[in-house]
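Here the structure comes first, spelled out in structure tokens, and everything after it is commentary.
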Amino acid sequence: MMRLLAGLLLALAIAAPALAADGPVRLTLDGRPIDRQGGSAVTHGGVVYGDLLDLVKSFDGLLTYHGPSVEVTLNGKTVRFTRGSRTAQLGEEAVTMRGAPFLRQGEMFVPLDFFVTKVAGAKLRVNPARTRANIYVNANPLS
């Protein structure tokens with residue numbers, strides 16, 4: 001009986017997918033680090049996320065908290081992110097993002113590609129290993 005139970009537990013452990021821990025991503029804006037100490041970007045569930053507060057500061061936007069939601073105004077656009085929801089409200093349009101915003105050490109993290117391209121109107125390049133992300137506003141991403 002014990003052997004059967006041990007075998008069953010081993011089979012379940014092998015079959016169950018391992019949850020990957022968040023991984024750090026080095027984030028730059030036009031070649032300069034956004035946060036010299038790190039922590040402004042992470043991979044989470046295979047998606048690269050950015051710390052919303054750091055991103056809004058970097059683009060000189062306005063951030064307003066509304067309970068589980070955060071509203072960002074930047075470049076004449078307003079977007080509302082809700083923790084745990086893959087749907088962002090961009091102006092009058094509901095847009096589905098790659099992943100849902102989440103809290104990490106008290107800060108909201110949002111999918112980086114959505115924020116950079118749809119909200120900030122900039123370009124983003126992420127290396128294949130998802131360990132480095134470069135935001136381009138005034139620099140050529142091909143250089």
Side-chain angles (χ1 to χ4, degrees), residues 4-143:
L4 179 61
L5 183 58
L8 181 59
L9 289 174
L10 180 62
L12 287 173
I14 292 171
L19 294 176
D22 291 353
V25 177
R26 185 164 184 268
L27 184 59
T28 61
L29 174 63
D30 288 337
R32 292 179 306 279
I34 285 186
D35 175 9
R36 295 197 186 281
Q37 285 75 42
S40 288
V42 296
T43 56
H44 179 80
V47 176
V48 177
Y49 284 81
D51 181 327
L52 188 57
L53 182 60
D54 288 346
L55 292 169
V56 170
K57 283 181 185 177
S58 295
F59 285 96
D60 200 27
L62 177 66
L63 186 82
T64 310
Y65 292 92
H66 301 274
S69 298
V70 177
E71 189 172 278
V72 173
T73 304
L74 180 66
N75 297 332
K77 296 179 188 173
T78 300
V79 62
R80 183 179 287 243
F81 296 101
T82 302
R83 186 175 61 237
S85 174
R86 288 185 57 208
T87 303
Q89 191 68 37
L90 182 59
E92 299 297 318
E93 181 182 3
V95 181
T96 301
M97 301 177 290
R98 289 181 194 262
F102 66 95
L103 287 182
R104 180 175 189 257
Q105 298 175 344
E107 298 295 335
M108 185 176 282
F109 279 70
V110 298
L112 187 62
D113 63 338
F114 179 84
F115 183 89
V116 171
T117 62
K118 302 291 186 196
V119 181
K123 294 182 185 329
L124 177 69
R125 288 186 63 192
V126 178
N127 72 345
R130 293 187 185 110
T131 57
R132 182 179 177 94
N134 300 299
I135 301 169
Y136 298 96
V137 176
N138 298 311
N140 182 350
L142 300 176
S143 59

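When reading the values below, keep in mind they use all heavy atoms of this one structure, side chains included, and skip hydrogens, waters and symmetry mates.
- The side-chain contact (heavy atoms from CB on, under 4.5 Å) test applied to L103 returns R83, M108, not counting sequence neighbours.
- Closest non-hydrogen pair, G99 versus P111, comes out as O-CG, 3.2 Å.
- E71 pairs by the salt bridge (Lys or Arg N to Asp or Glu O under 4.0 Å) definition with R80, not counting sequence neighbours.
- Counting heavy atoms from C-beta on, the side chains of V70 and Y65 come closer than 4.5 Å.
- Legend: residues meeting salt bridge (Lys or Arg N to Asp or Glu O under 4.0 Å) with R104, ordered by chain and number and at least two apart, are D22.
- Rounded to the nearest 0.5 Å, atoms CG (L55) and CG (L63) are 10.5 Å apart.
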> Can you list the steps and then say if L124 with F115 is a side-chain contact (heavy atoms from CB on, under 4.5 Å)?
Replying inline: CA-CA 10 Å; L124 177 69; F115 183 89; over 6 Å; no

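- The two residues G84 and A100 come nearest to each other via the heavy atoms C-CB, 3.5 Å.
- The ring pair (Phe, Tyr, Trp, His ring centres under 6.0 Å) test applied to F109 returns F102, not counting sequence neighbours.
- Shown here are the side chain to side chain donor-acceptor pair (under 3.5 Å) partners of N75, two or more places apart in sequence or in another chain: there are none.
- In this structure, the side chain to side chain donor-acceptor pair (under 3.5 Å) partners of S69, at least two apart in sequence or on a different chain, are T82.
- Each salt bridge (Lys or Arg N to Asp or Glu O under 4.0 Å) pair with one or both residues in residues 42-61, not counting sequence neighbours, would appear here, but there are none.
- The salt bridge (Lys or Arg N to Asp or Glu O under 4.0 Å) check on D113 picks up R98, with sequence neighbours excluded.
- Listed by chain and number, the residues in a side-chain contact (heavy atoms from CB on, under 4.5 Å) with K118 are L90, F114 (sequence neighbours excluded).
- Formation of a donor-acceptor pair under 3.5 Å by the Y136 side chain with backbone atoms of G31 is not found in this model.
- In this structure, the side-chain contact (heavy atoms from CB on, under 4.5 Å) partners of P33, at least two apart in sequence or on a different chain, are R26, R36.
- Distance check: I135 CD1 to D30 CG gives 9.0 Å after rounding to the nearest 0.5 Å.
- For the salt bridge (Lys or Arg N to Asp or Glu O under 4.0 Å) condition, no pair includes a residue of residues 86-96, sequence neighbours left out.
- Listed for the T73 side chain is no donor-acceptor partner under 3.5 Å among the backbone atoms of L62.
- A88 and M97 make their closest contact through CB-SD, 3.9 Å (heavy atoms, listed as atom of the first residue, atom of the second, distance).
- Contact between I34 and S58 at its shortest, heavy atoms only, is CG2-OG, 3.5 Å.
- Of the residues listed (L27, L52, L29), the one engaging S40 in a side chain to side chain contact (heavy atoms under 4.5 Å, CB included) is L27, and it is the only one.
- Considering only residues two or more places apart in sequence or on other chains, T131 meets the side-chain contact (heavy atoms from CB on, under 4.5 Å) condition with N127, A129.
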